[in-house]
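One-based numbering, in listed order, for ligands and for the atoms of each.
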Amino acid sequence: MEHQELWKTVLGEIELQISRPNFLTWFKNSQLVEKNEKEGIALVALPNNFAKEWVKNRYHKIILGSLRNIDGSIKYVNYVVVSHNTPLKPSKTERKQKAPELTDEKSNLPITDLRVDSKTNLNPKYVFDSFVVGSSNELACAAINAVIENVGKKYNPLFIYGGVGLGKTHLLQAAGNAVHLKYEGKVRVLYVTSEKFINDVVWALRNKRAEDMKKKYRDVDMLIIDDIQFIGGKAATELEFFYTFNALYENNKQIIISSDRPPAAIPTLEERLRSRFEGGMIADVAYPDYEMRLAILKTKAQSLNANIDEKTLEYIATKVQKNIREVEGVLNKVLFYQQYKNNKIDQKKLDEIISETSQVSPKNITPAEIIKTVAEFYEISQQELTDRGRKQEIVEPRQVVMYLLREMLKLSYPNIGERLGKRDHTTVIHAYEKISKEINSNSVFNQKILLIKERLFKNT
Ligand code: ADP
Ligand code: MG
């Protein structure tokens with residue numbers, strides 16, 4: 001049990017450091033199978049040789065770093081192949097020999113999760129019971145519910161977009177599971193990531209098995225494609241998807257699609273596909289506000305039967321704003337410490353966990369970058385922000401700059417005032433308080449600030 005928990009926490013860390021598709025491909029079926037306390041060796045299992053070599057070569061540093069971060073006693077990591085069919089504990093000989101054990105002959109990648117339903121490809125863990133509905137995902141949830149009630153008839157296609165870790169996959173899969181259950185399997189559901197779709201197309205082309213491919217994707221009543229943005233720009237797959245889409249659409253089959261951005265913002269997407277998407281229903285999932293982050297933390301803690309005090313949850317909800325995945329990551333780590341280290345978590349440890357889980361540390365961001373990014377965001381000149389002008393439309397951007405300089409860089413109030421048109425420090429304090437309040441009470445505004453922060457992290 002301990003291994004499983006530890007590894008889950010480590011995966012939470014790794015997930016934040018590599019791209020989502022890579023994470024899913026390489027880590028979904030990984031496990032921690034052994035931990036030798038005395039020698040400080042952790043043994044990580046991958047489902048086949050190919051995955052083992054790849055992970056070892058590419059991700060060793062990240063794995064070791066994350067493991068050490070969480071369990072200081074670990075000094076080395078070794079890798080071993082354990083396929084789904086072999087027992088968890090590999091024997092000594094198994095550790096040495098072991099030929100590739102391919103579980104997915106089409107793609108040669110063992111990307112099937114044990115818990116995943118082999119027909120629908122859905123993971124039963126994603127259900128609505130554990131999904132918190134709030135202002136940031138209300139619209140998307142309403143649309144999803146309408147689709148569940150009227151498969152293929154109401155919103156078709158349904159296109160859901162939003163940033164990483166905001167619950168798109170959870171929502172899509174929960175919809176699939178709900179439909180599967182509600183109609184007792186009579187409405188055939190198929191969930192795939194666009195990556196899986198691409199793999200299937202490539203495989204079908206290579207093996208001249210286009211018919212199989214067609215059958216698989218067109219013989220369903222509800223096709224769910226997750227992270228469609230990866231399809232854009234790959235001519236053969238896009239074409240195949242277009243045909244699949246049309247075939248389903250014309251037969252009133254339901255299509256649900258997710259993406260990290262709206263159709264208009266996928267630059268490589270072919271025009272006719274884009275206009276098909278735009279012809280359906282488009283809903284976004286936004287960044288969660290404080291209330292929602294707290295609700296999610298409480299739901300999650302409760303479902304884990306975790307004993308964690310309210311104050312700690314509130315503190316996490318205040319500090320961790322980036323996305324839900326990160327909120328969950330912090331919670332998992334906190335629980336891990338509490339449970340396995342027999343530690344009551346103190347403020348210092350809590351802050352440490354929060355800062356190490358946060359994807360980017362803001363230390364290399366400069367005041368000039370903040371001013372530039374905010375100016376670009378609001379489409380005004382930097383000069384306007386930093387001079388003494390009092391134009392109404394500059395008030396908010398300037399207050400945002402003041403807030404960010406204080407919050408991210410911890411500059412003193414007088415110093416901030418000096419940089420922004422030699423303003424008095426009380427003006428800066430007022431701005432800081434005003435923006436802080438706004439962030440906590442207005443989710444649209446909060447989203448705006450998060451977008452600006454995201455740009456800041458990207459630029460540097
Ligand atoms: P995305 O697909 O948008 O990147 P995911 O669906 O993978 O995001 O969500 C990231 C994590 O956050 C998952 O563990 C998911 O269960 C959880 N999560 C996301 N949204 C919610 C929500 N509204 N309520 C509860 N958990 C959520
Ligand atoms: Mg996703």
Task: Side-chain donor-acceptor contact under 3.5 Å, Glu396 with Tyr378 - done: yes
Open item on the list: Parallel, tilted or perpendicular, judged at 30° and 60°: which one describes the rings of Tyr403 and Tyr432?
Closed with: parallel
Task: ligand 1 contact by Gly162, heavy-atom criterion under 4.0 angstrom - done: no
TODO: Grab the two heavy atoms, one from Ile231 and one from Thr237, that are nearest each other, plus how far apart they are.
DONE: O-OG1, 4.4 Å
- [ ] Starting from atom 24 (N) of ligand 1, find the nearest protein heavy-atom neighbour and note its residue, name and distance.
- [x] Val132 N, 2.8 Å
Open item on the list: Please give me the minimum heavy-atom distance between Gln254 and Val147, naming the atom from each residue.
Closed with: CD-CG1, 3.5 Å
Open item on the list: Just to be sure I read this right, does ligand 1 sit under 4.0 Å from the backbone of Lys300, its side chain, both, or neither, counting only heavy atoms?
Closed with: neither
Open item on the list: Donor-acceptor check, side chain of Glu240 to backbone of Val201, threshold 3.5 angstrom: yes or no?
Closed with: no
Task: Side chains of Pro288 and Ser136 in contact at under 4.5 Å (non-hydrogen atoms) - done: yes
Task: Flag if over 12 foreign heavy atoms under 6.0 Å of NZ, Lys35 - done: yes
Task: Distance-only N or O hit between ligand 1 and Gly165, under 3.5 Å - done: yes
Open item on the list: Please list, in number order, the atoms of ligand 1 under 4.0 Å from a heavy atom of Val164.
Closed with: 4 (O)
Task: Protein N/O/S count near the Mg ion (ligand 2) (criterion: distance under 2.8 Å) - done: 1
Task: Contacting atoms of ligand 1, where contact means under 4.0 angstrom from a heavy atom of Gly163 - done: 3 (O)
Task: Proximity to ligand 1 by part of Ser130, non-hydrogen separation under 4.0 Å - done: backbone
Open item on the list: Checking a contact table here: which protein heavy atom is nearest atom 21 (C) of ligand 1, and how many Å away?
Closed with: Phe131 CE1, 3.5 Å
TODO: Check Ile296 against ligand 1 and report side chain, backbone, both or neither, counting heavy atoms closer than 4.0 Å.
DONE: side chain
Open item on the list: So, regarding Gly167 and ligand 1 (criterion: nitrogen or oxygen to nitrogen or oxygen, under 3.5 Å), is there a contact or not?
Closed with: yes
TODO: For the residue pair His60 and Tyr79, categorise the inter-ring angle as parallel (less than 30°), tilted (30 to 60°) or perpendicular (more than 60°).
DONE: perpendicular
Open item on the list: Test side chain to side chain donor-acceptor pair (under 3.5 Å) on Asn332 and Tyr337; report intermediate values, then the result.
Closed with: CA-CA 9 Å; Asn332 281 338; Tyr337 272 99; over 6 Å; no
Task: Between CZ on residue Phe128 and CD1 on residue Ile144, distance to nearest 0.5 Å - done: 6.0 Å
Task: Heteroatom proximity flag, Val133 to ligand 1, N/O under 3.5 Å - done: no
Open item on the list: Can you report which non-hydrogen protein atom sits closest to atom 12 (O) of ligand 1, along with the distance?
Closed with: Ile324 CG2, 3.2 Å
- [ ] Pick whichever of Arg293, Glu328, Gln173, Met292 has a heavy atom sitting closest to atom 14 (O) of ligand 1.
- [x] Glu328
Open item on the list: When you compare ligand 1 with Arg325, is there at least one nitrogen or oxygen pair between them that comes in under 3.5 angstrom?
Closed with: yes
TODO: Tell me whether the guanidinium CZ or amine NZ of Arg272 lies under 6.0 angstrom from the six-membered ring centre of Phe242 and within 45° of its axis.
DONE: yes
Task: Pairwise distance CD1(Ile62) to CG(Leu67) - rounded to 0.5 angstrom - done: 12.0 Å
- [ ] Run the numbers for me: atoms of ligand 1, each under 4.0 Å from some heavy atom of His170, listed by number.
- [x] 6 (O), 15 (C), 16 (O)
Task: Gly134 heavy atom under 4.0 Å from ligand 1 - done: no
Task: Ring geometry between Phe197 and Tyr217 (parallel below 30°, tilted from 30 to 60°, perpendicular above 60°) - done: perpendicular
Task: Name of the residue among Asp226, Asn121, Thr120 meeting side chain to side chain donor-acceptor pair (under 3.5 Å) with Tyr191 - done: Asp226
Task: Residue part near ligand 1, for Asn137, under 4.0 Å between non-hydrogen atoms - done: side chain
